[in-house]
Undergrad: 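One structure coming up, written as C-alpha cells, with questions to follow.
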Protein chains: 2
Amino acid sequence: MTNHLDSFFGAMSDPTRRAVIERLAGGPAPVSELHAPHDIALPTFLRHLKVLEAAGLVRSEKKGRVRTVHLEAAPLAEAEGWLQRQRQLWDGRLDRLDALVREMEAGTEGGSANDHT
Amino acid sequence: MTNHLDSFFGAMSDPTRRAVIERLAGGPAPVSELHAPHDIALPTFLRHLKVLEAAGLVRSEKKGRVRTVHLEAAPLAEAEGWLQRQRQLWDGRLDRLDALVREMEAGTEGGSANDHT
DNA sequence: AATACTATTAGCCACATTGCTAACCAAATG
DNA sequence: CATTTGGTTAGCAATGTGGCTAATAGTATT
C-alpha cells in the first residue's frame with residue numbers, strides 16, 4: 001500500500017526541510033529565496049525540495065527561469081489527524097483506567113471490572 | 001538546538017514503527033507481543049523499539065524477563081501542534097488571499113489592497 | 001540441574017540519504 | 001551576441017538505516 005504517511009514523515013524528519021515548510025506557510029517563494037538562508041550547496045538544497053514535492057507537501061511551477069514553490073496543506077492535515085487519533089486513543093485509555101482505579105478504590109464489594117482489551 | 005521534532009518525525013517515518021505506535025495506543029504490551037505480527041527478526045524489531053524510545057515516544061520497564069512497553073502521548077501532542085500551526089498559517093493565508101480576490105473583483109474603483117507580508 | 005523462553009549484543013551486508021563539485025541549459029540583460 | 005542569473009544534471013564520498021544470523025544473558029519451568 002505504501003502509505004502517504006511514510007514519505008510524509010520521512011520528509012519532515014529533516015530540519016532543513018521543516019524550515020522550508022515553515023517559510024512556505026507564510027506564502028509561496030522562488031527556489032533561490034528559499035535556498036538563501038541555508039548554508040548548503042544549491043544542488044543539495046534542490047534535492048530537499050524534491051523530497052518535499054515527492055511527499056506531496058509542496059508543489060512548484062516554473063515560469064521563465066524562476067521556479068515558484070508553494071505549500072500543500074492537505075498532507076499536513078492528514079498527518080495531524082493520524083497523530084490526533086493515536087493520542088486521543090491513548091489519552092482516553094488513561095482516563096478509563098483512571099476511572100477504573102477510582103472505582104476499585106471506592107469499594108471492594110464485588111464489582112466486576114474489565115480493563116484492558 | 002537539535003529539535004525534538006527531528007527524532008520524532010524520523011521515528012514516525014517507518015511503517016513498522018507506526019504500527020507499533022498504533023498498537024500501543026490500545027494499551028501497553030510486552031516486546032514479544034509487539035513483535036509477533038511483524039515478519040522481521042527480533043533483533044531488527046528491537047532496534048525499531050529503541051528508535052521509538054530514543055525519540056521519547058515510548059517508555060519501557062523490564063520485570064523478570066519481560067519488558068513492557070507503553071506509549072508516551074506528549075510528543076504526539078507536540079508534533080500535532082507544530083503541524084497544526086503550519087497548516088493554519090497557510091490556510092489562513094489562503095483565506096486572506098481569497099478575501100482579497102473577492103474584494104478586487106467586487107469593484108475596481110480604487111481600493112488600496114495589501115496582500116502578502 | 002537442565003531446558004525453554006524472552007530479550008539483548010555483536011557483527012555483517014545492501015541500499016538510501018545527505019553532503020559536495022563540476023558541468024550544463026535556458027532565460028534575462030547589457 | 002556575450003554575460004549573468006536561476007535552476008538542473010551527473011557523479012562521487014561519507015554516513016545512516018534496516019535487514020539478517022550467531023552467540024549470550026537472564027529468568028522461568030520442569
Side-chain angles (χ1 to χ4, degrees), chain A residues 1-24 27-71 75 116, chain B residues 1-24 27-71:
Chain A
M1 62 173 65
T2 312
N3 205 323
H4 294 245
L5 295 172
D6 241 51
S7 53
F8 173 84
F9 283 120
M12 300 299 281
S13 72
D14 181 278
T16 299
R17 291 194 289 259
R18 276 203 312 284
V20 169
I21 295 297
E22 283 177 346
R23 165 65 188 77
L24 285 179
V31 169
S32 55
E33 187 185 322
L34 289 173
H35 169 241
H38 302 282
D39 199 18
I40 64 181
L42 181 56
T44 305
F45 182 76
L46 246 204
R47 280 223 317 260
H48 281 298
L49 284 186
K50 264 191 199 163
V51 171
L52 288 174
E53 195 147 11
L57 269 161
V58 307
R59 265 182 227 184
S60 64
E61 303 91 34
K62 193 165 184 178
K63 183 158 262 180
R65 62 183 171 179
V66 157
R67 174 175 297 277
T68 302
V69 186
H70 65 93
L71 191 59
H116 33 24
Chain B
M1 65 172 60
T2 311
N3 205 325
H4 295 243
L5 295 172
D6 241 50
S7 54
F8 173 84
F9 282 119
M12 301 299 282
S13 72
D14 181 279
T16 299
R17 290 194 290 259
R18 276 204 313 283
V20 169
I21 295 298
E22 283 177 346
R23 165 64 188 77
L24 286 179
V31 169
S32 55
E33 187 185 322
L34 289 174
H35 170 240
H38 301 283
D39 197 19
I40 64 181
L42 181 56
T44 305
F45 182 76
L46 246 203
R47 278 221 320 257
H48 281 300
L49 284 186
K50 264 192 198 164
V51 171
L52 288 173
E53 194 147 12
L57 269 161
V58 307
R59 264 182 226 184
S60 64
E61 302 90 36
K62 192 165 184 177
K63 183 158 263 181
R65 61 183 169 179
V66 155
R67 174 175 298 278
T68 302
V69 186
H70 65 93
L71 191 59

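Protein chains get the first letters and strands the later ones, always in sequence-line order, with residue 1 at the start of each. All values reported here derive from a predicted model rather than from experimental measurement.
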Undergrad: For C:dC5, does either OP1 or OP2 sit under 4.0 Å from a side-chain N or O belonging to B:Ser32?
TA: no
Undergrad: Starting from P on D:dT17, measure out to NZ on B:Lys50 and report it in whole angstrom.
TA: 14 Å
Undergrad: Can you check whether B:Val69 reaches B:Arg59 side chain to side chain, under 4.5 Å on heavy atoms?
TA: no
Undergrad: Mind checking the CZ-CG spacing from A:Arg23 to A:Leu71? Nearest 0.5 Å is all I need.
TA: 11.0 Å
Undergrad: Ignoring hydrogens, what is the shortest heavy-atom contact between B:Ala19 and B:His38? Give both atom names and the distance.
TA: CB-CE1, 3.6 Å
Undergrad: Tell me the interatomic distance from A:Leu34, atom CG, to D:dT8, atom P, rounded to whole angstroms.
TA: 12 Å
Undergrad: Hey, does the side chain of A:Arg17 reach the backbone of A:Met12 with a donor-acceptor pair shorter than 3.5 angstrom?
TA: no
Undergrad: Could you go over nucleotides 24-30 of chain D and give all protein N or O partners under 3.5 Å, atom names and distances?
TA:
residue: D:dT27; atom: O2; partner: B:Arg65; partner atom: NH1; Å: 3.0

Undergrad: May I ask you to decide if B:Ile40's main-chain N or O and B:His35's side chain share a donor-acceptor pair within less than 3.5 Å?
TA: yes
Undergrad: Please round to the nearest 0.5 Å and tell me the distance separating atom NZ of B:Lys50 and atom CG of B:Leu52.
TA: 13.0 Å
Undergrad: Within this structure, what is the CG-to-C1' distance between B:Leu52 and D:dG18, rounded to whole angstrom?
TA: 14 Å
Undergrad: In whole Å, what is the span from the CG atom of A:Leu49 to the P atom of D:dG6?
TA: 16 Å
Undergrad: Report the distance from atom NE2 of A:His35 to atom C1' of D:dG6, rounded to the nearest whole Å.
TA: 12 Å
Undergrad: In whole Å, what is the span from the CG atom of A:Leu46 to the C1' atom of D:dT9?
TA: 10 Å
Undergrad: One character per nucleotide, please: for nucleotides 10-22 of chain C, 5' to 3', B when the base has a protein heavy atom closer than 4.0 Å, S when only the sugar-phosphate does, - otherwise.
TA: --------BBBBB
Undergrad: Hey, are the side chains of B:Val20 and B:His48 touching, using non-hydrogen atoms and a 4.5 Å cut-off?
TA: no
Undergrad: Distance check needed: D:dT17 P versus A:Phe9 CZ, whole Å only.
TA: 17 Å
Undergrad: Which pair of non-hydrogen atoms, one from A:Pro30 and one from A:Val66, has the smallest distance, and what is that distance?
TA: CB-CG1, 3.9 Å
Undergrad: Please give me the minimum heavy-atom distance between A:Val58 and A:Ile21, naming the atom from each residue.
TA: CG1-CD1, 4.1 Å
